[in-house]
Amino acid sequence: MLSIRWQSLGLLALGLVLLVTLLWSERVTGIAAGVALFLFGMGLLEQGMKGLTEGRLGSALGRLTDGPGKSVVFGFLSTAVMQSSSLVSLLTISLVSAQMISLVAGIGVVLGTNLGTTTGAWLLAGPGLRLSISAYALPLLVLGVVLKLSADAWLHHTGRILLGIGFLFLGIAGMQTGFQGLEAGVAPGLPGADGLPGLLLAVVTGMVLTVLLQSSHATLMLILAALASGQLDYEQALGLAIGANLGTTVTATLASLGAHGSGKRLAAAHVLFNAVTALVAVALLDPLRLLVDVLAGLLLLPEGDPLFRLALFHTVFNALGLLLFLPFIRQFARQLERWLPFETGRTAQPLFLHRTATRVPSVAIAAARNEIQHL
């Protein structure tokens with residue numbers, strides 16, 4: 001109930017923001033409409049991917065996460081393919097809550113999903129903002145609608161995916177157009193102090209945006225579009241990206257409220273990992289910027305291009321956080337078990353069946369089977 005209440009408050013706040021922008025400026029309304037289309041497309045894409053992989057992703061996660069390294073790789077690849085860290089994280093919390101995979105494996109998957117989200121920044125910084133992709137949107141929408149009408153499950157979910165990509169393209173085009181129209185009338189940058197206070201303001205702003213939009217991809221798209229049009233400077237964009245990374249923990253935290261103790265531990269691990277990674281990125285911002293410049297030269301990225309450098313920075317600080325945690329993942333899991341103890345000895349209480357376990361049919365069936373054996 002609490003998670004539903006917070007989600008409703010977030011949607012209400014977002015609706016009020018959109019209403020204010022509608023009354024304030026036609027150009028800003030165009031940006032807001034682009035964000036709405038982008039979010040709608042992300043939702044359709046996630047539904048289509050979930051439908052295509054229903055049961056398969058959960059069973060694959062159980063088989064391919066018997067070691068921390070394999071768990072990280074699985075989390076990275078699944079998030080890179082599905083472009084939804086929330087879907088992979090929520091499924092992982094469900095599996096850990098039902099004790100179908102270990103806490104160590106779940107932490108590894110979460111670490112991998114964080115690195116997997118960086119692939120979206122590269123896609124947005126590259127073809128997403130540099131090509132006229134709106135021309136491809138309408139054919140994808142038409143084909144998506146046709147396939148979605150099919151009674152065949154595979155074609156139906158493929159149609160959802162194509163519709164999602166089409167709306168993503170329309171949303172990106174809308175945000176591009178809106179920011180280009182603001183170039184003459186809006187001063188670049190966020191209001192606030194320079195230096196560390198300004199950086200912290202950008203981090204908090206990025207986190208709040210991600211909480212409201214419920215999508216780090218949407219936040220990154222806004223950041224990249226504003227950066228490309230000159231509405232943000234590079235350092236502010238870095239702070240916003242750090243905050244977007246931190247804001248992704250909210251969805252997992254809300255989902256864990258109805259989870260088994262192990263699911264709560266995994267959500268706590270997600271929050272701690274992202275918080276420590278954000279602190280390290282803020283503390284080492286100048287060295288990381290220098291490292292990004294060096295790596296950009298080695299990778300032959302366009303000189304002085306802020307979009308690719310932002311995507312590279314997003315990858316570098318997430319990889320740094322992964323390197324800090326991965327060697328100590330088993331000790332981290334044991335420490336979480338000490339910090340968050342829970343009672344499992346009473347057979348009168350459900351050990352495997354919890355609200356998060358019922359969200360994925362294959363997980364619910366396995367949890368029910370385990371619960372019957374336990375009783």
Side-chain angles (χ1 to χ4, degrees), residues 4 7-8 10-11 14-15 18 29-61 77-92 94 113 116-117 119-120 123-124 126-129 131-178 213-218 220-222 251 255 355-366:
I4 296 174
Q7 185 179 24
S8 300
L11 291 174
L14 182 58
L18 292 175
T29 303
I31 298 173
V35 174
L37 287 171
F38 190 91
L39 289 173
F40 185 63
M42 285 295 297
L44 287 172
L45 185 61
E46 183 172 320
Q47 291 170 15
M49 285 292 188
K50 185 176 179 181
L52 284 180
T53 60
E54 190 67 75
R56 300 183 187 91
L57 183 61
S59 59
L61 204 156
L77 292 177
S78 57
T79 304
V81 170
M82 306 183 95
Q83 286 299 298
S84 175
S85 60
S86 297
L87 177 59
V88 179
S89 297
L90 292 175
L91 177 60
T92 307
S94 298
T113 59
T117 58
T119 59
L123 292 172
L124 295 173
L129 283 170
L131 300 178
S132 180
I133 58 176
S134 59
Y136 302 99
L138 294 181
L140 286 171
L141 291 174
V142 172
L143 183 57
V145 168
V146 171
L147 293 180
K148 190 174 178 293
L149 295 175
S150 173
D152 182 81
W154 191 88
L155 291 176
H156 177 82
H157 294 304
T158 301
R160 280 181 179 271
I161 292 172
L162 294 178
L163 281 172
I165 296 173
F167 280 112
L168 285 178
F169 285 178
L170 287 179
I172 290 171
M175 283 185 268
Q176 282 180 288
T177 303
L213 299 176
Q214 290 289 292
S215 171
S216 61
H217 282 78
L220 285 170
M221 184 65 242
L222 271 175
T251 301
R355 278 186 295 176
T356 53
T358 61
R359 293 176 179 172
V360 182
S362 59
V363 178
I365 293 169

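Keep in mind that what you see is a predicted model, and the values were worked out from it rather than measured.
Taking all atoms of both residues into account, the shortest heavy-atom contact from Phe169 to Ala137 is CB-CB, 3.9 Å.
In summary, of the residues considered (Leu45, Leu140, Leu163), a side chain to side chain contact (heavy atoms under 4.5 Å, CB included) with Leu168 occurs for Leu45 alone. Partner of Leu147 under the side chain to side chain contact (heavy atoms under 4.5 Å, CB included) criterion, out of Ile161, Asp152, Leu162, Val142: Leu162 alone.
Taking CE of Met42 as the reference point, atom CD1 of Ile165 lies at 11.0 Å (rounded to 0.5 Å). We find the CG-CG distance between Leu143 and Leu138 to be 12.5 Å, quoted to the nearest 0.5 Å. One distance of note links CG of Leu44 with CG of Leu39; it measures 11.5 Å at 0.5 Å rounding. Atoms NE2 and CG, from His217 and Leu124 in turn, are 6.5 Å apart once rounded to the nearest 0.5 Å.
With contacts defined as side-chain heavy-atom distances shorter than 4.5 Å, the pair Leu141/Leu170 qualifies. Side-chain contact between Arg160 and His156 is present, with at least one heavy-atom pair separated by less than 4.5 Å.
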